[in-house]
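Read through the structure below, which is laid out as structure tokens, and then see the notes.
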Number of protein chains: 2
Amino acid sequence: MSDIRRRRVPRPVREQQIIDAAIRVFARRGYHAASVDEIAEHAGISKPMVYLYLDSKEGLFLAALRREAERLLAVFRAAAVPAHSPELRLRAGLLAFFTFVTEHRDSWVVLHRQSSEPSPAITAELARSRRALLAEVTGLVRADIAASDGPARPDDDAEFVAYTLVGAADSLTDWMALHPGEPPERITLRLMNMVWVGMRNVLDGEVWTTPSQLP
Amino acid sequence: MSDIRRRRVPRPVREQQIIDAAIRVFARRGYHAASVDEIAEHAGISKPMVYLYLDSKEGLFLAALRREAERLLAVFRAAAVPAHSPELRLRAGLLAFFTFVTEHRDSWVVLHRQSSEPSPAITAELARSRRALLAEVTGLVRADIAASDGPARPDDDAEFVAYTLVGAADSLTDWMALHPGEPPERITLRLMNMVWVGMRNVLDGEVWTTPSQLP
DNA sequence: ACGTAACCTTACTCGCCAGTAAGGCTGGGG
DNA sequence: CCCCAGCCTTACTGGCGAGTAAGGTTACGT
């Protein structure tokens with residue numbers, strides 16, 4: 001788009017352009033249906049360049065995956081700093097997440113909606129990135145437990161809560177698509193509202209009991 | 001496996017066998033990487049039979065999708081009957097869901113972990129099945145609102161709660177894989193515990209407020 | 001000025017797999 | 001007993017797309 005039609009771009013720049021294009025195409029078509037030719041074209045380049053710089057289709061996908069996973073994790077970590085109280089850390093983390101998804105929808109699609117791909121390497125990398133996020137949230141929850149006065153709970157519980165939170169946030173990602181007006185702040189607020197009290201219940205070992213006898 | 005090697009199986013039976021095989025293979029490989037040949041082999045048959053009965057690879061996938069979506073929805077509906085109180089309905093529904101996933105893991109993988117497939121028809125069908133589940137849950141939540149004494153809440157809230165619940169349950173599906181011993185009953189209990197109070201908060205319009213000033 | 005490394009292209013090969021043509025079995029109804 | 005409807009097979013075609021061979025072109029350092 002610049003005035004000078006920049007041919008002959010240096011490698012590091014071109015690599016990022018290729019990854020940018022890859023994310024767009026992978027998000028739209030999925031790993032298998034995406035063709036390297038189409039990605040090359042989006043990057044304003046021909047196919048052999050992709051192979052020269054990124055080795056293979058799988059290598060390209062992995063590079064894209066890693067870059068975006070890194071981005072998301074960085075944003076989350078930067079937001080949920082230990083300076084805040086547990087509640088505010090969680091709130092900030094959720095807000096950062098919803099904001100990221102809003103602003104980088106394609107990245108999110110590639111990051112999350114691509115399971116059951118053939119290559120073990122890809123499956124592994126996908127799992128790794130999700131685990132990293134889960135670990136971060138689990139850490140948050142555990143910190144909250146440590147700060148609270150209740151008895152030490154088994155790790156299982158922190159993990160359980162983390163899975164619930166991440167899954168809920170993930171699904172609300174779809175809800176956002178249905179309500180384009182809704183700002184991330186409102187979604188975060190509602191989710192906090194819904195989840196905060198119950199979290200304390202689980203972590204304090206309080207048990208929900210069936211209000212009348214079971215059938 | 002039976003004593004008589006049953007060649008020449010009647011069509012309706014064979015169709016179900018093909019769909020059974022398809023679910024196993026699609027779950028393992030994903031839509032694109034799965035080959036019709038492999039599915040045919042799993043069904044103890046040759047490829048043209050698949051095309052004769054199910055038309056195309058896409059038709060086969062759609063048939064599998066529809067059958068399993070139907071199953072899951074039926075199980076959920078049967079459990080969450082209106083006879084119970086809202087809480088017990090939700091509990092029963094969640095329990096049915098977790099039980100289904102435990103017993104039909106492949107079906108669940110095909111049903112949920114297959115987005116961003118090329119064909120619009122498949123994307124549409126996948127979305128339809130998820131929407132059906134969400135609609136069911138939203139209905140439950142709405143029924144709960146109606147039963148409660150609070151002011152009429154906008155529909156948005158019921159939908160929001162439903163997305164949260166479905167997403168949480170979905171993600172806990174992964175948690176189950178990590179904790180094979182855990183029975184569906186315990187998972188359901190914990191999730192109810194975590195979510196029930198907060199649900200009331202959201203539906204009653206109570207607002208979580210930041211405990212100290214925001215950064 | 002000019003060589004060379006880095007950038008980039010056209011024009012292939014080759015294997016895989018969806019889909020099909022052409023016809024062989026077999027068993028139940030007349 | 002015999003025939004035909006419905007079950008099933010082997011053996012193809014055709015195209016798509018990952019990966020590559022072979023070489024052309026620019027710009028930067030000296």
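What's counted below: heavy atoms across the whole structure, side chains too, no hydrogens, waters or symmetry copies. Just so we're clear, the structure is a prediction, and the values are computed from it rather than from any experiment. Numbered from 1 within each chain, the chains take letters A, B, ... in sequence-line order.
- One atom, CD of A/Gln17, and another, C1' of C/dC7, lie 13 Å apart when rounded to the nearest Å.
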Give every pair of a protein N or O atom and an N or O atom of nucleotides 27-30 of chain D that lie under 3.5 Å apart, one pair per line with the distance.
none

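- Rounding to whole angstrom units, CE of residue B/Met49 and P of D/dC8 are separated by 5 Å.
- With rounding to whole Å, B/Ile45 atom CD1 is found 15 Å from D/dT10 atom C1'.
- Between B/Arg28 and B/Glu38 there is no salt bridge, since none of the side-chain N atoms of the basic residue sits less than 4.0 Å from a carboxylate O of the acidic one.
- Judged as a side-chain contact (heavy atoms from CB on, under 4.5 Å), and not counting sequence neighbours, the contacts of A/Arg67 are A/Gln16, A/Ile19, A/Asp20, A/Ile23, A/Arg71.
- Among the atoms of the strands shown, none is found under 4.0 Å from any heavy atom of B/Leu52.
- A close approach under 4.0 Å does occur between a side-chain nitrogen or oxygen of B/Arg14 and OP1 or OP2 of D/dC8.
- Every residue two or more places apart in sequence or in another chain that forms a side-chain contact (heavy atoms from CB on, under 4.5 Å) with B/Val75 is listed here: B/Ala96, B/Phe100.
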Polar atom pairs between nucleotides 18-20 of chain D and protein, under 3.5 Å, N or O only, would you list them?
from	atom 1	to	atom 2	distance (Å)
D/dA18	OP1	A/Ala34	O	3.2
D/dA18	OP1	A/Lys57	NZ	3.0
D/dA18	OP2	A/Val36	N	2.9
D/dA18	N7	A/Lys47	NZ	3.2
D/dG19	OP2	A/Tyr51	OH	3.2
D/dG19	OP2	A/Lys57	N	3.1
D/dG19	N7	A/Lys47	NZ	2.9
D/dG19	O6	A/Lys47	NZ	2.7

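- Salt bridge absent: A/Asp106 and A/Arg24 never bring a charged side-chain N and a carboxylate O closer than 4.0 Å.
- Taking side-chain N and O atoms only, B/Tyr53 has a distance below 4.0 Å to OP1 or OP2 of D/dC7.
- Take A/Phe98 and apply the ring-ring contact (aromatic ring centres under 6.0 Å, His included) test, not counting sequence neighbours, and it matches no residue.
- Between the CG atom of B/Leu90 and the CG atom of B/Leu165 there is a distance of 6.0 Å, given to the nearest 0.5 Å.
- Taking the ring axis of B/Phe26 as reference, the NZ or CZ atom of B/Lys57 does not stay both within 45° of it and closer than 6.0 Å to the ring centre.
- Using a 30° and 60° split on the angle between ring planes, B/His32 and A/His32 fall in the parallel class, below 30°.
- Under the side-chain hydrogen bond (donor to acceptor under 3.5 Å, both in side chains) criterion, A/Arg131 pairs with no residue, sequence neighbours left out.
- Separating the CD atom of B/Glu41 from the P atom of D/dT9 is a distance of 12 Å, rounded to the nearest angstrom.
- Side-chain proximity of A/Pro10 to the nucleotides C/dC7, D/dC8, C/dC8 is greatest for C/dC7.
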